[in-house]
Amino acid sequence: MFNTVSENITARQVFEYYGIRVNRYGMCCCPFHSDKHPSMKVDTRYYCFGCGEKGEAVDFVSKYFGLGLKDAAIKICDDFNLIYDESYHAPVKKGHS
């Protein structure tokens, strides 16, 4: 599902979907610190010049809503009506005996 999100959704789409206004220059006020003037650049990824917060769409949703990365990816898929493989699980590392 992480690939589904990264191949179909940009950070800017996520920001705007969840109500954060991004100006025509791709800048917005950072939702992670007290920001009176736009200091965050948002495009396919995001970066705040004020506090250094950065990442992709899943990282943003995880931090903004207090979710784990997997739950954030699921939320994006559900909110944007993306189809993903629910049965996929990351490979389990085998221990050494």
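Computation of the quantities below employed the complete heavy-atom set of this structure, encompassing side-chain atoms and omitting hydrogens, waters and symmetry-equivalent molecules.
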- Item | Side chains of C28 and N23 in contact at under 4.5 Å (non-hydrogen atoms) | no
- Sub-4.5 Å side-chain heavy-atom contact between M1 and I74: yes
- Query: How many angstroms lie between CE in M40 and SG in C48, if you round to the nearest 0.5 Å?
  - Reply: 4.5 Å
- Answer yes if I20 and V42 sit in the same cluster of Ile, Leu, Val, Met, Phe, Trp and Tyr residues linked by side chain heavy atoms under 4.5 Å apart, and no otherwise. yes
- In terms of ring plane angle, is the pair F80 and Y18 parallel, tilted or perpendicular, where the classes change at 30° and 60°? perpendicular
- Verify same cluster id: F2, I76 (apolar side-chain graph, 4.5 Å): yes
- Measure the CG-CG distance between N8 and N81 for me, rounded to the nearest 0.5 Å. 12.0 Å
- So how far is it from M27 CE to R21 CZ, rounded to the nearest 0.5 Å? 12.5 Å
- Note on the structure: What one should report as the nearest heavy-atom pair of H37 and C29 is C-SG, 3.9 Å
- Task: With the side chain counted from C-beta on, respond yes when D43 and T10 share a heavy-atom pair under 4.5 Å apart, and no when they do not.
- Result: no
- Would you confirm whether E16, through its side chain, and Q13, through its main-chain N or O, come within 3.5 Å as a donor-acceptor pair? no
- If only atom types and distance count, is the side chain of D35 paired as donor or acceptor with the main-chain N or O of C30 below 3.5 Å? yes
- Treat each ILVMFWY residue as a node, draw an edge where side-chain heavy atoms are under 4.5 Å apart, and state whether F49 and Y46 are in one component. no
Under 3.5 Å donor-acceptor pairs involving side-chain atoms of residues 56-65, not counting sequence neighbours:
from	atom 1	to	atom 2	distance (Å)
E56	OE2	R45	NH1	2.9
D59	OD2	E56	N	2.8
S62	OG	L67	O	2.5
K63	NZ	E53	OE1	3.1

- Shortest non-hydrogen contact between V22 and F15, atoms and distance: CG2-CB, 4.1 Å
